[in-house]
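Everything quoted here is computed from the prediction, not taken from an experiment. Labels below follow one simple rule: chain letters A, B, ... track the order of the sequence lines, proteins then strands, and each chain is numbered from 1.
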Number of protein chains: 2
Amino acid sequence: MAQTPSRALTRECIAAAALRVLEREGLAGLSMRKVAAEVGAQAASLYWHVRNKEEILDLLGDAVIADAELPPRTGDWREEYLEYGRRYRALLLAKRDAAKVVAGRLSTGPRVLAVLEDQLDRLRAAGFTDADAAMASYLLSAYVQGFVLQEQSPLSAAEAAGAGRGQAARAAGDVFRALPAEDYPNLVALADDLVDPDMDTRFEFGLQRIADGLAALLG
Amino acid sequence: MAQTPSRALTRECIAAAALRVLEREGLAGLSMRKVAAEVGAQAASLYWHVRNKEEILDLLGDAVIADAELPPRTGDWREEYLEYGRRYRALLLAKRDAAKVVAGRLSTGPRVLAVLEDQLDRLRAAGFTDADAAMASYLLSAYVQGFVLQEQSPLSAAEAAGAGRGQAARAAGDVFRALPAEDYPNLVALADDLVDPDMDTRFEFGLQRIADGLAALLG
DNA sequence: ACCTGAACACCGTTCAAGT
DNA sequence: ACCTGAACACCGTTCAAGT
């Protein structure tokens with residue numbers, strides 16, 4: 001199982017191996033020993049190329065963002081801003097536990113810089129002040145990361161235990177409906193509205209509100 | 001150090017102990033053995049009261065929310081919505097790593113239900129449809145959790161290593177300013193705007209945009 | 001310069017055994 | 001019913017030793 005010793009260990013190949021382990025075992029199952037085994041080495045060997053596990057997670061964060069693509073220029077800043085949000089979400093959903101990996105990690109990889117540069121360019125061209133453009137960009141990434149983080153984690157112990165998402169949602173609805181109506185009239189009345197909408201709908205709702213709020217700045 | 005054996009172990013006292021360990025050691029340092037030691041028992045004893053560590057984290061999530069208070073009724077739904085967001089952020093910032101604990105955990109504790117019930121009541125009274133009220137409530141919690149999550153995690157390896165937040169931010173600004181201006185004209189030009197604003201300002205910006213976007217629905 | 005073996009100080013969880 | 005001791009299968013990290 002050991003790699004041919006002529007092929008030296010590199011940070012790139014450690015990152016690729018870590019990505020495969022992440023996909024297979026999830027973030028909780030990602031250990032130095034498993035990453036080492038994936039490249040046919042001992043755990044201790046990794047420490048020659050990498051300071052610690054945290055640095056492997058940094059590499060992983062960069063790898064997740066690596067295939068980000070810029071949305072086409074339509075001339076409509078609002079549509080482009082929405083599209084940026086949708087693509088970022090899709091990118092995070094594409095890799096297992098990606099939102100958790102990226103969560104509070106600031107990457108200054110070339111891909112991230114290119115995306116940020118392009119985003120700021122479009123917002124300034126649309127007429128936003130420098131300060132507002134910078135804040136609007138930060139707002140988008142905070143919203144998307146927060147949203148996907150909730151989306152990727154099981155929404156209840158039941159779902160974690162293996163029940164399907166739909167089943168878990170129905171159970172949540174039952175909780176709301178079973179509440180005493182005199183104490184919780186709104187929860188009982190809105191049980192369906194709280195539980196039914198799927199994640200795409202929820203995401204889009206927030207994204208549209210944010211875009212509308214930004215548009216109001218251009219007044 | 002052992003507790004008097006007449007005082008039995010309960011889930012409540014386990015939760016309180018876990019909260020103290022969290023405050024002292026952070027989420028990464030929270031172990032079954034340390035929680036057990038905090039109540040003067042063996043780690044194995046906890047498993048009589050609790051299914052596993054995950055369930056302790058659930059208790060912790062409830063405990064974090066436990067002292068949530070409802071904002072005063074001003075008759076202005078927008079101001080009340082903003083205040084809800086600010087208070088939720090303050091609550092998460094008050095306990096160490098609280099955002100990470102709460103992150104993808106759905107709590108149905110009585111405090112959470114009371115808050116949700118009250119929030120929905122105000123939004124409906126303001127004229128939002130049932131569906132929009134439900135979505136607006138979800139949006140707020142997603143935004144606040146995502147924001148604080150980024151806020152509570154070190155924004156760079158430098159800060160994790162002990163440098164102050166201001167110092168780390170200045171270093172980030174230097175990164176932007178040092179980029180080649182022909183490749184990254186916007187990043188270079190907006191370096192200050194990207195780095196200078198403090199977290200309160202960033203949070204408020206997003207909150208105001210979201211409230212404005214919601215207001216547009218009432219049109 | 002790069003990698004390994006062995007060790008250290010931890011984990012979460014289980015389970016027979018005690019009271 | 002409730003708690004313990006001891007064990008199992010893991011962790012991240014260090015470090016002398018090998019090549």
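Rounded to whole Å, the distance from CG on B/Asn52 to P on C/dC11 is 17 Å. The separation between A/Glu55 atom CD and D/dG12 atom C1' is 15 Å, rounded to whole Å. Rounded to whole angstrom, the span from the OH atom of B/Tyr47 across to the P atom of D/dA7 amounts to 18 Å. The CD-P distance, from B/Gln42 to D/dG5, rounds to 5 Å in whole Å. Atom-to-atom, CE of A/Met32 to P of C/dA7 comes out at 21 Å; the value is rounded to the nearest Å. The NZ atom of B/Lys53 sits 9 Å away from the P atom of C/dC11 (whole-angstrom rounding). The CD1-C1' distance, from B/Ile14 to D/dC3, rounds to 12 Å in whole Å. Distance, B/Ile56 CD1 to C/dC11 C1': 14 Å, rounded to whole Å.
When the nearest nucleotides of DNA chain C are assigned to A/Ala43 and A/Arg33 by heavy-atom distance, the more 5′-ward of the two goes with A/Ala43. Residue-to-nucleotide proximity on DNA chain C shows that, of A/Leu46 and B/Gly29, the 5′-proximal contact is made by A/Leu46.
The partner of C/dA17, taking Watson-Crick or G-U wobble pairs whose two distances both stay under 3.5 Å, does not exist in any strand shown. Here D/dC8 sits opposite C/dG12 as a Watson-Crick or G-U wobble pair (both hydrogen-bonding atom distances under 3.5 Å). Using the Watson-Crick or G-U wobble rule with both distances under 3.5 Å, C/dC3 pairs with nothing in any strand shown.
Summarising the geometry, atom CZ belonging to A/Arg105 is positioned 10.0 Å from atom CG belonging to A/Leu59; distances are rounded to the nearest 0.5 Å.
The aromatic rings of B/Tyr143 and B/Phe203 sit parallel, their planes meeting at an angle under 30°, below the 60° perpendicular limit.
Judged by distance alone, with hydrogens and angles left aside, the side-chain atoms of B/Lys95 form no donor-acceptor pair with the main-chain N or O of B/Leu19 at under 3.5 Å. Panel note: side chain A/Gln152, backbone A/Leu92; a donor-acceptor pair is recorded below 3.5 Å.
Dashed line: the shortest gap from a side-chain N or O of B/Trp48 to OP1 or OP2 of D/dC2 is under 4.0 Å. Considering only side-chain N and O atoms, B/His49 lies under 4.0 angstrom from the phosphate OP1 or OP2 of D/dC3. Contact check, A/Lys34 against D/dC10: no side-chain N or O comes under 4.0 Å of OP1 or OP2.
Sorted by first and then second residue, the pairs that involve residues 111-123 of chain B and meet side chain to side chain donor-acceptor pair (under 3.5 Å), not counting sequence neighbours, are A/Asn186-B/Glu117, A/Asn186-B/Asp121, B/Arg73-B/Asp118, B/Arg73-B/Asp121, B/Glu80-B/Arg122, B/Tyr84-B/Asp118, B/Asp118-B/Arg122, B/Gln119-B/Ser137.
Each of C/dT4, C/dG12, D/dG12 was ranked by its minimum atom distance to the side chain of A/Ala41; first place goes to C/dT4. Minimum atom distance to the side chain of A/Ala44 is reached by C/dT4, of the listed D/dT4, D/dT13, C/dT4.
Looking at heavy-atom distances under 4.0 Å, A/Ser45 makes contact with a base.
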